[in-house]
Every structure is written in C-alpha cells, then in structure tokens.
Amino acid sequence: MADALPTQAVDPVTKRLGYAADQDLVLHLPLRYEDETRLTPLGEARPGETVTVEGVIVHAEVQPRPRRQLVIELREPPAAALRPSACLFARWLHFYPSLVAQLKPGVRVRLHGEVRPGLFGAEMVHPRYRLVEADTPLAQTLTPVYPSVAGLGQTAIRRAVERALRRADLTDTLPADIPRSLSLPAYAEAIELLHRPPPDVDRLALETRTHPAWRRLKFDELLAQQLSLRRHARARAALSAPALTGGETLARRLLEGLPFALTGAQARVWDEIRTDLARSQPMHRLLQGDVGSGKTLVAALACLPAVASGWQAAVMAPTELLAEQLYLKLREWLEPHGIRLVWLAAALRGRAKQAALEAIAAGEAQIAVGTHALIQEAVTFPRLALAIVDEQHRFGVEQRLRLRAKGATPHPAPLTPHLLMMSATPIPRSLAMSYYADLDVSTLDELPPGRTPVATKVIHHARRAEVIARLRDYCLAGAQAYWVCPLVEESEKLQLKAAEAAYAELTAALPDLRLGLVHGRMKAAEKTAVMEAFKAGEIHLLVATTVIEVGVDVPNAGLMVIEHAERMGLAQLHQLRGRVGRGRRESACILLYAEPLSATARQRLRIIRSHTDGFVIAREDLRLRGPGEFMGARQSGTPWLRFASPELDGDLLEAARQVAERLLDRHAAAVDRHLARWLPRGLDYLQV
Ligand code: ADP
Ligand code: MG
C-alpha cells in the first residue's frame, strides 16, 4: 500500500496491539468510556459509582497494618466546602516511595475511580490520580478505555491513537448522499465521536453499539465485505464456461430406474442447477441440504448435461471413505446408462492409478470421482466442464480453486468449468447473505419420505453396560448398529488406541455378535472390505471413529451409540446421527457422556437431543459459538467482521447489499477507495 512503506517504522504500541500499520489504530475502538468531564462533590460520591473528584489532601500516612498501605484523606478546599464534613479516603496497597512523596498534605489532587464504602466513610482503592491546580481544566470529552494486551497501559494506547488520528486520512470513501440517505454520519465524524465522545453523548447507545457512529462503521465494514464478494461474482460473470445443454434423455432414464421419485426440493434444485449449466458463464453454486436430503442424486443429475455434450465432470470428496461411497453410488446409478466413471485416490497405486490417469487424460473417463488426488499435478482433464465438491467446508479455498483450475483450456477462448459445492452444514441465512454473497445458494429443505425419526437419548457413561445389553438385543433382532469411539483431538494415535480398545471390549462383551472396526488409519482396501461387509449385513456392529461422520449410507443400521458425546461439536453430532434413521426400522441415537461437562457441552447435548432439523441446529450452534467460530471451522483465510454482526445488524447488511451493487455499477473509484480502507494489504472476503 502506498501509505505504508515497508521501511517506515511502526509505533511499538501498534505492534503490540497486533496491527500492521499505525493507521489501523483509527479503527481500534474503545470498549467503554470514563467520564472525567465533570467533578462530583465529595459529599455526593456514592458507593458503587465511578466518578471524578477533586480535593486537597489533609492527611497522608503509610499504615503498617493490616497490610502496608498508603492512605490519604481528601477534603474539599475551604471555599468549596459548604458541607465541611465531606471527605473521602483513598488507599493504595501497592505503591512506590515516589507516590508517598507526591501525595502530601496540602496538595490538590483529582481522583478517578469507583467509590466504595470504607471503614471511616467513602473511599477509593487505587484510583487514577493527577496533581492539579485550582484552575486545571477538566477533560472536554469522555475518556476512552481501549482493548489492551497485558502490560500495555491505557495512557500509551490513548497517545498512540491520538497520533494515528492526527495523521490518518479520514475523508469519506462514499458519496455523501449514501450515508445521508441511511441517516448515518460522515466517516470522520463517526471516528471522532467514537474516540472522543462529547460529555452529553447517549452513553447507552455507545455501549450497546447502536449509536449512529457505530452504525456507520458497521455499515462500512459490511459494505466492504459485499463489495469484495460481489466484485468476485462480477469478475466471474465475465468468464466463459461451456454451455451444457442436453442430458434430458439420460436424466429420464436414470430417474425411471430408481425405486423412488425426486423430492420436490430435489426437483427444484436440479432445475436451478440445470439452468446455470446451460449458461456460458461459470456456475458458482452452493447446494446445502441436511444430512440425508439426497445431495448425491442431485450431483449425479448435474453430471449428465456435461456427459451428454461430450465434456467431463470431476467429483471430489474430502476423505477416501467418503469419496469411495460417492463413487460407488454414482457408478451404481450411471454405469448402467453407459457412462464411464473412474476412481482416483492417493491410495491408488501402480497400474490401476496409471490406467485411471490415462482414462482421464484421454477424455475417456466422463466422470472422475476421488479425493485430493484429483487436484494433483499429474491429473489432466482435457475437457473438464463441471467440478463438484462434496462437503465443501472440509476443503480450503485453495483446493477448491485448484480443482476448478483443472478446467478446460485448449479451446479458442479459455473456458472455466462450472462449480457446484455441496454442504451438509447449513449456513443460517444471515451468514449466507454476508459471507457467501458471491455465491448462488440452492437449498434442499426437504428430506426424502420414509425416514424414521431418530429418538435421541443422553445417558451417563456409568450406564454403559445397560446400553451394551440393549445394543445386543437390537442387533439380534436383525438390525445393525454403529458404535462411535471417543474423539481424541490431541492425537490420531490416541484416537486409534481408543477405537481399538473399544473394539476389543465390545467384542468380549458381545460374543454372539459380529463386529467390524473402521478408522482413519486403515488401508483403503481394508476399509472397503469392512464397509462392504457392513452393507451386506455380515457385520452387526460397526465400531468406528468419526470417519463415518459423513456420507455413509446403510439403511438397515438404525442404532448409534456415541461415546464421549460431550467432546463433539453440534455439527459433528448431527452428521453422525444422520447415519441412522434411514430405513423403516425404529431408530435411536444414544449419546454417552462423562464429566467434566462444561456449560457449553451441556447446552450442546440439550440442543442435539431436542432438535433434528439441521437448520435449527446450525442456528443454535451459531448462537452458542458466534459467527467467527461457527464459520471459522469451515473456512480458512477469511477475515471476520470485527464490528458488524450479520445476525444483529440485518438492516445494515441489507442496505450494504444494495449500496454495493450501486457502487459497482456507477462509482468504481469509490469502490477502490472503500476497499483500500477496509481491506488493506490485499485481504479478501473471497469464498470459492
Ligand atoms: P446427503 O444429502 O446426506 O448426501 P444422500 O445423497 O446420501 O444424502 O442420500 C441419502 C439417502 O437417501 C440415500 O440412500 C439416497 O439413495 C436416498 N435418496 C435420495 N433421494 C431420494 C428420494 N427422492 N427418495 C427416497 N430416497 C432418496
Ligand atoms: Mg452426502
């Protein structure tokens, strides 16, 4: 950036507060304020209030007991002492000799602090003090109290902020009519007010951050986010993609061959996607739908226009197990109609891998399904028209970009593939509107019929034996079940150990059941063998780590036990539970918990027990964790909103969306100015 030359020394305070440039301190906004603009007469200083008082020291003494402390007694000077009895004590438990030297009888001081009831009358403990003259002026504005870090005093921060304010360019980035039409103040005015509020300001509005000055900054921040994202969307609209039409016959045949009809939601979403694919601009769509809402079938349908017009599609999933499940399902549905699919994962070696790579490179493979292996250097797609990313939140922005970059080039004009991202973690609308403003969102808001509601029980681990007995009865009646091992976040090795221990214990406890074990460290072939056996009903009880969190689909498995459920997040619990309730059988999910149980963990268990709708759970999750963390687990490299909240500032978000479009249409210079202020150093709200 032009105004922050790399050689320019940064204020040490700036650095300690974690900012890169002194200018950033302009937006280091106070947490609260102290009022030193008026004096409270000593006789009116009430316990519990934080006030500024002034008086003359009439007595000062270092008392040795009960603890060494400096105590001074303050009285109003004779002229002001209409009530001669009014006095106040101040007490310091930690002090240097210099303080004793300063606070001598006869000296006039101004103290600021909270008044407490003391032994001999009102007192202040460790007040802020200042030696004054009879005519030393009071502060003209409220005194800001800034967020700080250990060892960094308010005075140092205040000075640094003052310096930054003097140097900063506070001219408005927006044409004046925009803030005016929203009843928002000018930028400079808002900044000035927040750092130096006049004494008569509406303090409640300041503290609740509803004051117009706060709203102006929140609006600016939301606007920056919208501008950045909408600009990406527009840049994309200028790219060309292969227009994919056709595939109707294939789609009809596929659907006729299925034992069920599309749900209304699937049909609608399929329409949205088909319309996008037929355009010659790249699709950029997020398909969100709860666990089990049938996203795989939508993905299969989405591939058909590509296949029918001689292009390729790539489908990527985050784990090998997931990718394989996806591959098997797509193959089952599509191969009978003459479509050629290949499977590609890191575990694939030697000849099989070579063959897969060749089939893709020769354009023979119409659909490639796999893990990250799909985005490795060696893979070349001559005619990639569609990239589908399942469980997109598990991938970084980088990886999604790379899959898309595999796209078509060898045409007269370079073509960008269409991108469909799928996610089972629904994003609440407010967040989608802000963080996903560059995406089109399709939502599967309906589950296929025939699902059985899953009864969720929260049970203390002391009753484990009882649970195991129930599990046995359930399986002996012809059903299947999952046992999900505790999550050990610190180490994959410990996680594996826990899984093996649980497997050994359950095998011993359930001699008349057949058990299987799957975990993340297993060889792909072993994993497949166990999963196949489970699907075929040869295994009663599948002991698993959280690798089965997503994508596994065995309708006959209707019972799930999750150990140490208190360690898991809401989204994860919901995903796990989504594995059951897929058949006709009565289904249940048992959440075993153990102490220590934090307040949040208790809340999570309560929420998961009482809700089954993924959108409701996501909303509760958002409330529990706040947007930063809620999104943080899913997206990396995204700057978070510091001031605005898409949830609480919905009206400003709406306004920011509209203003963003208007600015992009008509005020390119303002867009650049605004983004330079709010997203310096190339930060970006990009969601790919
Ligand atoms: P998810 O959205 O979690 O990826 P899946 O695509 O795995 O869900 O679908 C879950 C199950 O529902 C699968 O067994 C799938 O075959 C089945 N399914 C999908 N669509 C329908 C439908 N319209 N009617 C009945 N079952 C369906
Ligand atoms: Mg899925």
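Order of listing sets the numbers, starting from 1, for every ligand and every atom in it.
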Ligand 1 to Phe260 polar contact by distance, N or O atoms, under 3.5 Å: no
Heteroatom distance test (Gln266, ligand 1): nitrogen or oxygen, under 3.5 angstrom: yes
Ala424 heavy atom under 4.0 Å from ligand 1: no
Donor-acceptor pair, side chain of Glu620 and main chain of Ile608, under 3.5 angstrom: no
Shortest non-hydrogen contact from Leu420 toward Ala302: CD2-CB, 4.2 Å
Residue pair Trp483 / Glu563, side-chain donor-acceptor N/O under 3.5 Å: yes
Sub-3.5 Å N/O-N/O distance, Gly292 and ligand 1: yes
Which of the ligand 1 atoms, numbered from 1, are nearer than 4.0 Å to a heavy atom of Asp290: 2 (O)
Heavy-atom closest contact (Cys485 atom, Ala502 atom, distance): SG-CB, 3.9 Å
Heavy atom of Arg582, distance to ligand 1 below 4.0 Å: yes
Closest non-hydrogen atom pair, Tyr482 against Arg579: CE1-CB, 3.8 Å
Side chain, backbone, both or neither: the part of Leu444 lying under 4.0 Å from ligand 1 by heavy atom: neither
Met422 and ligand 1 - part of the residue with a heavy-atom distance under 4.0 Å: neither
Verdict with supporting geometry, Asp473 and Arg470, salt bridge (charged side-chain N to carboxylate O under 4.0 Å, His left out): CA-CA 5 Å; Asp473 295 342; Arg470 171 152 176 222; over 6 Å; no
For Ala261, atoms of ligand 1 separated by under 4.0 Å from a heavy atom: 22 (C), 23 (N), 24 (N)
CD/Glu446: more than 12 non-hydrogen atoms of other groups inside 6.0 Å: yes
Contacts of Ser280 that satisfy side chain to side chain contact (heavy atoms under 4.5 Å, CB included) - sequence neighbours left out: Ala243
Part of Leu262 within contact of ligand 1 (heavy atoms, under 4.0 Å): backbone
Polar side chain donor-acceptor pair, Thr545 to Gln495, under 3.5 angstrom: no
Atoms of ligand 1, numbered as shown, that sit under 4.0 Å from any heavy atom of Thr263: 23 (N)
Residue Thr296 vicinity, atoms of ligand 1 by number, heavy atom under 4.0 Å: 4 (O), 5 (P), 6 (O), 7 (O)
Contact atoms of ligand 1, heavy-atom distance to Val291 under 4.0 Å: 3 (O)
